[in-house]
Amino acid sequence: MAGEVVARAAVCVDNARRYTRERDAALTLQRRLLQVTTPQLSAATTAHRYRPSGSRTGVAGDWFDIIPLSGARVGLIVGDVPGRGIHAVAEAGRLRTAVRALAQQDLSPDELLIQLDGIVSQAADAEDTPGSPTAGIGGSCLYAVYDPVSHRCTFACAAHSPPLITEPSGRQRLLDLPSGPPLGLGGMPFQTTDVELTEGSILALYTDGLLRGTSGRGDLDAGLDRLRRALARPDSDLSHTCDTMLPAGGGADDAVLLLARTHALGPDRVATWDLPLDPAIVGQARSLTTGQLTAWELDELAFTAELVVSELVTNAIRYARAPMQLRLIRSTSLICEVSDASSTSPHMRQAADTDENGRGLFMIAQMAERWGTRYTHAGKTIWAECAAL
C-alpha cells in the first residue's frame, strides 16, 4: 500500500513539474512576444499592462501593439486568440508580427483586418494534423488609427469588445462599432468608423479578461463600470490607472489594457500648400520649405528637406495628376509629404550608369530616416521623415 501511494504521488509530482515547465515556457514566450518599447509619439501618450492568467488551464493568447505610422499617426491594436498554452501564445505572436508588417504598408483599418483574416484562414488550411490547433480561428481584435493633425480616429473591429473614450470634460462613451466576424472565417468584409477626438481624450482598448476581474466569473457590465470609474479623472496618470485595473498577481484569465491620451498638432506645427503641376514650381517649393524651416528654427535641416521636397515634387509633376499638395509636419521628426490624384506606385530601383533618371527615390532613401507611400480615396501621398527632432 505504501508503495502504491508513493507511486501515485510520484506521478502527480511529475505531472506538476511538467505543467509548471510548460506554463513557464508559454509565459516567457508571451512576455517576449509582447515586449513593446513605447515609442516617442506626437499623436498620443500611451500606457499598457498585461496580466497573465493564474489558472491551471494555462496562458491565453491576448496580445497588443503600438505602431508609429506615417504622417505622425499612431496605430493601436488589441487582440485575443482562442485557446490556451504555447500554441495560442505562438499564434498571438504570429498575428502581432503580421499586423506590424501590414501596418507599415499604411493600409486602412478595414483593409488591414481583411488581410489579417486571410492570413489566419490560410494558416488554418495548412493545419492538416488531426487534433492540431486551429491557428487562431475565431480570434478577435480591434484596430484604431489616430491622426493628430485631423484629430480623427478610425476604428475597425473583428468581434472584439468596443473601446471606451473619456473626454477631458469627464464625459464617457462606449463606441457602438459595427462588429465584424471573428478572424479566420474568410471572405467577410469589415467596416470602419471615424470619430473626432478632443485633444486630451483617453482611448481605452482592452480584452475581456479585464472586465471579468480576478475571479473570471464577474459580470462584464460590472467590469466596465470599474473601468469607467478608473478613468473618471482624465488628467490622472495613465500608468497608475493601468495598475489600478490590473494589480499584481495572476487572474483567472489573461487581460490586456492599452490606454492612449490623444494629442493634437496645431496649425503652428503643420504647413500646407497647393501647387500646380508645373516644372517651374519646383524652385518655389524649395523656397517655401526653406522659409518654413526658418520659422520653425530648423535651418540645419534645410539642405536635406530641400532635396527631399524637390525630388518628391518633381516626381509628382512628371508621373502624377493634379491636384498636388505639399505638406510639412513638425512632429518628433520633420515629415515632408507630397500628395497627388494618381494611384501609380513609385518604386526604388538601381539605375544604370548611363541612365539619365531613376535616382530620385534612391536619394530620398539615403537622405531620409524613412519613406513610403500612403494611398487615400483621392489618390496617394509620398512621405519622408527627414530627421528626428
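The structure displayed is predicted, hence computed values, not measured ones.
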Self-check item: Check ion pair Asp340-Arg321 (N to O, under 4.0 angstrom)
Solution: no
Exercise. Ignoring hydrogens and angles, tell me if any N or O in the side chain of Tyr143 forms a donor-acceptor pair with the backbone of Ala158 under 3.5 Å.
Key: no
Practice problem: Indicate whether the side chain of Thr344 and that of Ser342 have a donor and an acceptor atom separated by less than 3.5 Å. | Solution: yes
Quiz item: Counting N and O atoms only, with roles assigned by atom type, does the side chain of Thr166 sit under 3.5 Å from a partner on the main chain of Ser201, one being a donor and the other an acceptor?
Solution: no
Exercise. Answer whether the closest heavy-atom distance between the side chains of Arg228 and Asp225 falls below 4.5 Å.
Key: yes
Practice problem: Drop me the distance from Arg327's CZ to Thr272's OG1, to the nearest 0.5 angstrom. | Solution: 6.0 Å
Self-check item: Exam field: side chain Thr376 to backbone Gly379, donor-acceptor pair closer than 3.5 Å
Solution: yes
Quiz item: Using 4.0 Å as the upper bound for N to carboxylate O, is an ion pair formed by Asp106 and Arg73?
Solution: yes
Quiz item: Would Ser161 and Asp208 count as having a side-chain donor-acceptor pair, cut-off 3.5 Å?
Solution: yes
Self-check item: Exam field: side chain Arg96 to backbone Phe64, donor-acceptor pair closer than 3.5 Å
Solution: yes
Quiz item: Going by heavy atoms in the side chains, are Leu288 and Leu275 under 4.5 Å from each other?
Solution: yes
Exercise. Would you please say whether a donor-acceptor pair under 3.5 Å links the side chains of Ser140 and Asp80?
Key: no
